Engineer: 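Here it is, the structure in full.
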Amino acid sequence: MIYYGNNATPKRIEWWESLPEREQNLRICLFEIQKIAIPEQKTLLRYKKSRKEVLNAKAILKQLKLVAKAIKRQIPGYINIEKADDCSAAYRCACCRQGVPAYASYCPNCGQRISM
């Protein structure tokens, strides 16, 4: 595990390996932005002299934070599925509102992780 180093428990390693490759890459990218790039820009901001350099550094920080927020939204969370009607046995995804089989762990339409 790249960002846990040698501190990862066996349970954490098992969880990490159960994630899809796309989600692992998103989490690694988010980690690098939040723990490396943003603090680095904040440190560099302290040493900027001119107003133009300060404004550029702040703009870069703002962009990095927006990228981190966009990546967070790409990581699937647990979305509850709900009944389509009160009397039917069909379910639909709370995210995309499309039909979902009750046994599915991921929505076949939008790919979000779901739970009952």
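The structure presented is a predicted model; accordingly, all values stated were derived computationally and were not measured.
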Engineer: I need the minimum non-hydrogen distance between Leu26 and Ile71, along with the two atoms involved.
Structural biologist: O-CG2, 3.5 Å

Engineer: Can you name the closest pair of heavy atoms from Ile13 and Ala8 and give their distance?
Structural biologist: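 Reported closest heavy-atom pair: CG1-CB, 3.8 Å.
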
Engineer: Please check if Ile36 and Leu30 belong to a single hydrophobic cluster, counting links between Ile, Leu, Val, Met, Phe, Trp and Tyr side chain heavy atoms closer than 4.5 Å.
Structural biologist: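 In one cluster: no.
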
Engineer: What is the minimum heavy-atom distance between Trp16 and Gln24, and which atoms define it?
Structural biologist: O-NE2, 2.6 Å

Engineer: What distance do Ile60 atom CD1 and Ile38 atom CD1 have between them, rounded to the nearest 0.5 Å?
Structural biologist: 12.0 Å

Engineer: Indicate if Ile28 and Leu19 have the same hydrophobic cluster label, given that clusters are the connected sets of ILVMFWY residues with side-chain heavy-atom separations under 4.5 angstrom.
Structural biologist: yes

Engineer: Let me confirm one number: the CZ-NZ distance from Arg27 to Lys72, rounded to the nearest 0.5 Å.
Structural biologist: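 With rounding to 0.5 Å, CZ (Arg27) is 11.5 Å from NZ (Lys72).
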
Engineer: With a cut-off of 3.5 Å and sequence neighbours excluded, list every side-chain donor-acceptor pair involving residues 39-51.
Structural biologist:
{"unit_1": "Thr43", "atom_1": "OG1", "unit_2": "Pro39", "atom_2": "O", "d": "2.9"}
{"unit_1": "Ser50", "atom_1": "OG", "unit_2": "Glu53", "atom_2": "N", "d": "3.3"}

